[in-house]
Amino acid sequence: MNLQNAQQLCELCSVFKKLTFAPGKHETYEAILLWAKKQGEATLVDKLKGFSEKLDDLEADFNRMCIGPYRLTVPPYESVWFGTRVMNTRRTEVVRWFYAQAGLVSNSQFFNEPADYFGYELEFIGFLACASRELSLSGNNASSQESLDLANIFWSEHLGHWYEKYLDAVAADSAMEITQEWALVLRRRLSGLFNDIELKDMRTGLEEETVSPPQHLNKG
């Protein structure tokens, strides 16, 4: 991702993260609809017709897949997409380390979900993109580039490794056309914005973190 794409990423993440935090709120889908109209995403606009009458179903469907209280069909955590269906692993701690590098509160008491929750990771790269854009407009080009660099590193070491798997699973498992199209559009847009970033196996900050006790995904 470069500075030219920072504003696009800022808007994309700011809007699309809403569904991961408030899947039953009118404001969530109103924001997505406004974005879709602005961006010419005609299929998404069409799927969103009558969304206000489907809010309960949209929330129930997303909770079934990603929130619980029963066993999740599409777990929204980076750690569980790498071999075992376990959350709160070493990967989670490294993600938390990244948040701290950007000056964000990373104490677990402020999180409703583990740090590697998809919504948090999406929010994080969006935050960095927005910060980069604002810093550039204020003439602070060095700090603007630092925010971009951190976003690209986080993508190459974390979100870029699992966003496709997760969003494809959401699109396949969801019973709601709105959520299906949300996942497909987000996948395509992220791919386009980060298509020049090479994925890496290294984990920056790994040596500075301790292992958290694993917690199995079965919440019920």
Side-chain angles (χ1 to χ4, degrees), residues 1-3 5-21 66 75-84 86-136 140-167 186-187 189-215 217:
M1 181 191 64
N2 54 41
L3 184 57
N5 293 333
Q7 184 61 31
Q8 295 181 50
L9 183 63
C10 174
E11 294 177 359
L12 177 72
C13 295
S14 296
V15 170
F16 276 66
K17 72 176 184 181
K18 295 179 184 295
L19 192 147
T20 71
F21 295 116
C66 304
Y77 310 105
E78 177 182 332
S79 54
V80 306
W81 290 92
F82 292 87
T84 60
V86 173
M87 55 191 284
N88 273 337
T89 67
R90 190 83 174 259
R91 286 179 180 273
T92 311
E93 294 306 313
V94 179
V95 169
R96 193 189 306 279
W97 180 89
F98 264 93
Y99 297 166
Q101 304 317 296
L104 300 176
V105 172
S106 58
N107 191 310
S108 60
Q109 68 176 314
F110 293 100
F111 286 93
N112 292 322
E113 296 283 353
D116 62 343
Y117 178 62
F118 181 79
Y120 290 151
E121 293 199 8
L122 188 66
E123 185 174 42
F124 181 57
I125 61 170
F127 165 79
L128 293 173
C130 294
S132 177
R133 179 65 175 168
E134 291 301 315
L135 288 165
S136 175
N140 194 338
N141 294 327
S143 294
S144 172
Q145 188 60 49
E146 287 179 1
S147 291
L148 277 181
D149 291 344
L150 187 59
N152 288 332
I153 293 171
F154 186 79
W155 179 267
S156 71
E157 297 184 10
H158 292 279
L159 189 53
H161 286 266
W162 69 289
Y163 79 103
E164 290 181 317
K165 299 175 185 178
Y166 170 70
L167 292 172
L186 180 56
R187 181 190 189 280
R189 290 280 179 158
L190 288 174
S191 296
L193 290 169
F194 286 97
N195 64 351
D196 60 337
I197 303 300
E198 180 182 359
L199 300 183
K200 298 179 180 179
D201 290 330
M202 65 182 295
R203 295 290 179 269
T204 305
L206 184 63
E207 68 283 356
E208 301 189 30
E209 298 299 331
T210 58
V211 180
S212 291
Q215 176 183 342
L217 270 179

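What you find for C13 and I125 is that their closest heavy atoms are SG-CG1, 3.8 Å. Of all the heavy atoms in A131 and S147, the pair that sits closest is CB-OG, 4.0 Å. Considering all non-hydrogen atoms of both residues, S132 and S144 come closest at O-OG, 2.8 Å. In this structure, D196 and M1 approach most closely via the heavy-atom pair OD1-N, 3.4 Å. Taking every heavy atom of both residues into account, P75 and W81 meet most closely at O-NE1, 2.9 Å. Taking every heavy atom of both residues into account, Q7 and R133 meet most closely at OE1-CG, 3.2 Å.
Remark: L193 CG to N5 CG distance equals 5.0 Å, nearest 0.5 Å. Here the CZ-CD distance, from R189 to Q8, works out to 7.0 Å after rounding to the nearest 0.5 Å. In this structure, the separation between OG on S143 and CG on L148 is 11.5 Å, given to the nearest 0.5 Å. A distance of 11.5 Å separates CG in N195 from CG in L190, rounded to the nearest 0.5 Å.
Residues Y77 and E113 have side chains in contact (heavy-atom distance under 4.5 Å, counting atoms from C-beta outward). Contact check for L9 versus L128: no side-chain heavy atoms found under the 4.5 Å cut-off. Taking 4.5 Å as the limit, every side-chain heavy atom of L19 sits out of range of all side-chain heavy atoms of L186. By the 4.5 Å heavy-atom criterion applied to side chains, Y99 and F127 are not counted as neighbours.
Listed by chain and residue number, W162, Y166 satisfy the ring-ring contact (aromatic ring centres under 6.0 Å, His included) test with F118 (two or more places apart in sequence, or in another chain). Not counting sequence neighbours, E146 has no partner by the salt bridge (Lys or Arg N to Asp or Glu O under 4.0 Å) test. Take F154 and apply the ring-ring contact (aromatic ring centres under 6.0 Å, His included) test, not counting sequence neighbours, and it matches F98, F124, H158. Under the salt bridge (Lys or Arg N to Asp or Glu O under 4.0 Å) criterion, R187 pairs with E164, D168, sequence neighbours left out. Partners of E134 under the salt bridge (Lys or Arg N to Asp or Glu O under 4.0 Å) rule, at least two apart in sequence or in another chain, do not exist in this structure.
Judged purely by distance below 3.5 Å, without hydrogens or angles, the side chains of D149 and Q145 pair a donor atom with an acceptor atom. Neither side chain, Y120 nor T20, offers a donor N or O lying under 3.5 Å from an acceptor on the other.
The list of salt bridge (Lys or Arg N to Asp or Glu O under 4.0 Å) pairs with a residue in residues 119-132, not counting sequence neighbours, reads K17-E123.
Not a single donor-acceptor pair under 3.5 Å links the side chain of S156 to the backbone N or O of L199. Of the possible polar contacts, one joining the D116 side chain to the S79 backbone as a donor-acceptor pair under 3.5 Å is found. Remark: side-chain polar atoms of N140 are not paired, donor with acceptor, to backbone N or O of L135 under 3.5 angstrom.
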Applying side chain to side chain contact (heavy atoms under 4.5 Å, CB included), run through D201 and H161 and close with a yes or a no. CA-CA 9 Å; D201 290 330; H161 286 266; 4.0 Å; yes

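The residues E93 and R96 are annotated as salt-bridged, a charged nitrogen and a carboxylate oxygen being separated by less than 4.0 angstrom.
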